[in-house]
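Remarks on the structure that follows.
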Amino acid sequence: MKKTAIKGLIALAVVVCLCMFFSGTIKTLSTAKVMIVTAKQGKLEEKIKLSGTLVFPETEDVALTGIGSQSVIARRVRAVKGKQVEEGDVLIEAEVVGAQERMDELRAQYDKAQSDLLALERQRGGARLTRLEEQWVAAYDALGEAKAAVRDARTELEVRARIAGVELEGDALPDGVKDKDVKAAAKALEDAKDAEAAAQQAYNGANRMGVSESLVEYITQSRSLSEQIAQAEQDLTALRVLCEQAGAIVAPHDGYVVEVNVKAGDPLADGVAAVVLSAKKSKGALRADVSDVERRIGEGTEVSMERSNGRSVSAEVTDTGVDSEGKNYVDVELSDREISNLGGAAALMSDPIEMAVSYRAPSSTTLLPVSAVRGSGEDRYVYLIQDEQNGLGESVMRVSRQKVTVLAEVGSTASIEEDLGRQRVAYMEDRAIDDGSEVMAYAQ
């Protein structure tokens with residue numbers, strides 16, 4: 001009897017153990033297994049790929065001036081876009097067409113006027129002007145200046161009247177004109193006419209003093225010849241200067257050739273840039289279009305650049321702006337050494353280089369694996385894990401659905417607007433779960 005009882009107890013213990021074993025096994029098989037991640041706060045970091053081209057924000061035109069009516073042709077163009085040059089380096093060799101013939105012509109004009117003036121002076125006999133003659137010359141000059149002043153004042157009045165839509169009555173204004181510029185111009189013309197009348201009166205008085213016609217002829221011819229001599233000398237000097245400058249158009253300072261606007265055989269226009277250089281002591285910058293980039297890339301953002309030859313440069317964004325086409329851009333300023341390390345200005349201006357911008361969000365948010373955030377569009381949510389006790393007093397984990405707002409997704413990381421603290425989030429389940437589902441962690 002006693003043996004039977006012992007055997008019964010042993011059998012009961014075995015049954016209880018088997019029930020407990022199979023109970024745990026059934027629970028393990030029926031409960032969803034999940035990965036568990038703890039939400040954390042941090043700033044979203046991202047590598048943004050951009051394409052940058054070398055530009056020079058500050059430039060200076062190199063142009064030939066003083067061409068006037070001359071024809072200047074580029075004979076040899078040494079400047080090459082992207083080339084680094086030093087002060088004094090020859091950029092263009094040009095030629096003034098027909099320069100020698102024009103010089104010979106000017107010398108002939110100078111010599112003739114000089115010869116005629118000497119002959120006139122010889123006829124005069126070197127006599128000095130008397131006091132009376134000096135007074136006449138002064139009155140003659142004053143009248144000429146007064147008439148020129150009236151001419152300029154009348155032109156100014158006509159310009160102002162047309163701009164203001166005023167119809168002049170001769171040199172007079174119609175009634176009711178209120179435009180200040182027109183009224184001021186009319187007053188200036190009136191004053192100039194008064195000065196002309198006074199000069200005319202003085203000149204008439206000088207004429208009555210009996211000045212000879214020979215003196216009048218001498219004064220006018222002498223001044224005309226002197227003006228011809230001065231003009232020929234001035235034109236000859238300007239032509240020689242132009243020939244010298246055209247023969248070697250040089251870089252005014254150290255820099256880079258940004259643009260070359262002429263080729264051999266092209267004419268050069270007066271004051272029009274033949275070559276564009278980077279401004280003195282200015283730096284180049286890699287410019288990248290960020291119009292389609294959602295992130296705001298500000299000054300100081302770290303940037304790395306690398307060429308296929310393995311040469312790399314690390315720098316930072318130095319400027320942002322909008323170009324002439326309305327596109328947003330960022331500039332990364334480079335030193336001469338950095339430009340050289342990346343293959344040189346010519347290569348960077350013609351062949352864009354890949355740039356990796358190290359973007360970091362300005363503020364902290366909740367960061368989670370992208371796979372832990374469910375839904376699409378504006379309906380995004382996560383499953384938070386809550387610790388509970390079941391009816392048997394056992395500790396279990398259940399999930400509750402929590403709506404979230406996704407600010408950004410970068411690679412495998414999602415930025416969440418809501419602060420989830422350090423709550424645990426379930427994801428990567430081995431079967432479908434829903435709000436309230438019991439879950440368990442994958443075995444470690």
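Computation of the quantities below employed the complete heavy-atom set of this structure, encompassing side-chain atoms and omitting hydrogens, waters and symmetry-equivalent molecules. As the structure is a computational prediction, the values presented were derived from the model and not from experiment.
You'll find the side chain of M305 stays beyond 4.5 Å of the side chain of S312, heavy atoms only. Residues D387 and R424 form a side-chain contact, since some pair of their non-hydrogen atoms from C-beta on lies under 4.5 Å apart. A 4.5 Å side-chain heavy-atom check between R287 and P57 finds at least one atom pair inside the cut-off. Side-chain atoms of S371 and M428, non-hydrogen and from C-beta on, do get closer than 4.5 Å to each other. The shortest side-chain heavy-atom distance between F56 and V276 does not fall under the 4.5 Å cut-off. When side chains are defined from C-beta on, N328 does not count as touching T320, because their heavy atoms never get closer than 4.5 Å. You'll find the side chain of L277 stays beyond 4.5 Å of the side chain of Y256, heavy atoms only. At least one side-chain heavy atom of L157 sits less than 4.5 Å from a side-chain heavy atom of L173.
Within the model, atoms OG1 of T413 and CG of L368 stand 9.0 Å from one another, a figure rounded to the nearest 0.5 Å. Here Q423 contributes atom CD and L384 contributes atom CG; the two are 4.5 Å apart, rounded to the nearest 0.5 Å. Note that NZ of K40 is 11.0 Å distant from OG1 of T365, once rounded to the nearest 0.5 Å. To the nearest 0.5 angstrom, D319 atom CG is 5.0 Å from Y329 atom OH. The OG atom of S335 sits 7.5 Å away from atom CG of N341, with the distance rounded to the nearest 0.5 Å. In this structure, the separation between CD1 on I73 and CD1 on I92 is 12.0 Å, given to the nearest 0.5 Å.
For L50 against V357, the heavy-atom pair with the smallest separation is CD1-CG2, 3.4 Å. Contact between L268 and A94 at its shortest, heavy atoms only, is CD1-CB, 3.9 Å. Considering every non-hydrogen atom in both V182 and A164, the closest pair reads CG2-CB, 3.7 Å. Among all heavy-atom pairs drawn from A372 and Y427, the shortest one is CA-CB, 3.6 Å. Taking every heavy atom of both residues into account, V96 and A246 meet most closely at CG2-CB, 4.2 Å. Here the closest heavy-atom approach between residue Q84 and residue D336 is recorded as NE2-OD2, 3.5 Å.
D270 contributes a side-chain N or O that, together with a main-chain N or O of I67, makes up a donor-acceptor pair within less than 3.5 Å. S51 contributes no side-chain N or O that, together with a main-chain N or O of P352, makes up a donor-acceptor pair within less than 3.5 Å. Using a distance-only test at 3.5 Å, with no hydrogens or angles considered, a donor-acceptor pair links the side chain of D254 to the main chain of E87. Without hydrogens or angle criteria, S226 side chain to S222 main chain gives a donor-acceptor distance under 3.5 Å. Looking at Y442, its side chain does come within 3.5 Å of a backbone N or O of D430 through a donor-acceptor pair.
In this structure, R107 does not pair ionically with D111, as no charged nitrogen and carboxylate oxygen lie closer than 4.0 Å. For the pair E93 and R78, the salt-bridge criterion is met [side-chain N within less than 4.0 Å of a carboxylate O]. The pair E196-R154 does not count as a salt bridge, with every side-chain nitrogen at least 4.0 angstrom from each carboxylate oxygen. Under the 4.0 Å criterion applied to side-chain N and carboxylate O atoms, R131 and E134 are not assigned as salt-bridge partners. Salt bridge annotation for K187-D191: present, with a cationic side-chain nitrogen under 4.0 angstrom from a carboxylate oxygen. Between D171 and K193 a salt bridge is recorded (basic side-chain N to carboxylate O distance below 4.0 Å). Salt bridge absent: D331 and K283 never bring a charged side-chain N and a carboxylate O closer than 4.0 Å.
No more than 12 heavy atoms of other residues, nucleotides or ligands shown are found within 6.0 angstrom of CD on E244. Within 6.0 Å of the CD atom in E409, the count of heavy atoms belonging to other residues, nucleotides or ligands exceeds 12. Other residues, nucleotides and ligands contribute at most 12 non-hydrogen atoms within 6.0 Å of the CG atom of D292. Atom CZ of R75 is surrounded by more than 12 heavy atoms from other residues, nucleotides or ligands within 6.0 Å. Annotation: Y203, atom OH; neighbour count of heavy atoms from other residues, nucleotides and ligands within 6.0 Å is above 12.
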task = Please report the C-alpha distance between S358 and K47 in whole Å, then the side-chain angles of each, then the deciding distance to 0.1 Å, and finally whether the side chain to side chain contact (heavy atoms under 4.5 Å, CB included) criterion is met.
result = CA-CA 5 Å; S358 300; K47 289 287 187 181; 2.6 Å; yes

request  = With side chain to side chain contact (heavy atoms under 4.5 Å, CB included) as the test, would you mind laying out the steps for E338 and E333 before giving the verdict?
outcome  = CA-CA 9 Å; E338 290 169 332; E333 191 174 85; over 6 Å; no

task = Could you give me the CA-CA distance, side-chain angles and deciding distance for D435 and R374, then say whether salt bridge (Lys or Arg N to Asp or Glu O under 4.0 Å) is met?
result = CA-CA 13 Å; D435 190 25; R374 304 156 192 271; over 6 Å; no

task = Go through the steps for I353 and L348 under the test side chain to side chain contact (heavy atoms under 4.5 Å, CB included), then give the verdict.
result = CA-CA 7 Å; I353 185 173; L348 292 174; 4.2 Å; yes

task = Mind running side chain to side chain contact (heavy atoms under 4.5 Å, CB included) on L239 and M103 for me, showing each step along the way?
result = CA-CA 7 Å; L239 181 56; M103 285 184 185; 3.4 Å; yes

request  = List the steps and the verdict of salt bridge (Lys or Arg N to Asp or Glu O under 4.0 Å) for K112 and D116.
outcome  = CA-CA 6 Å; K112 184 178 185 309; D116 291 346; 2.9 Å; yes

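By the 30° and 60° cut-offs, the orientation of the rings of Y383 relative to Y381 is perpendicular.
In summary, the side chains of E418 and T405 do present a donor paired with an acceptor at a separation below 3.5 Å, with no hydrogens or angles considered. A donor-acceptor contact closer than 3.5 angstrom links the side chains of T366 and Q41. There is a side-chain donor-acceptor pair under 3.5 Å between E217 and Q221.
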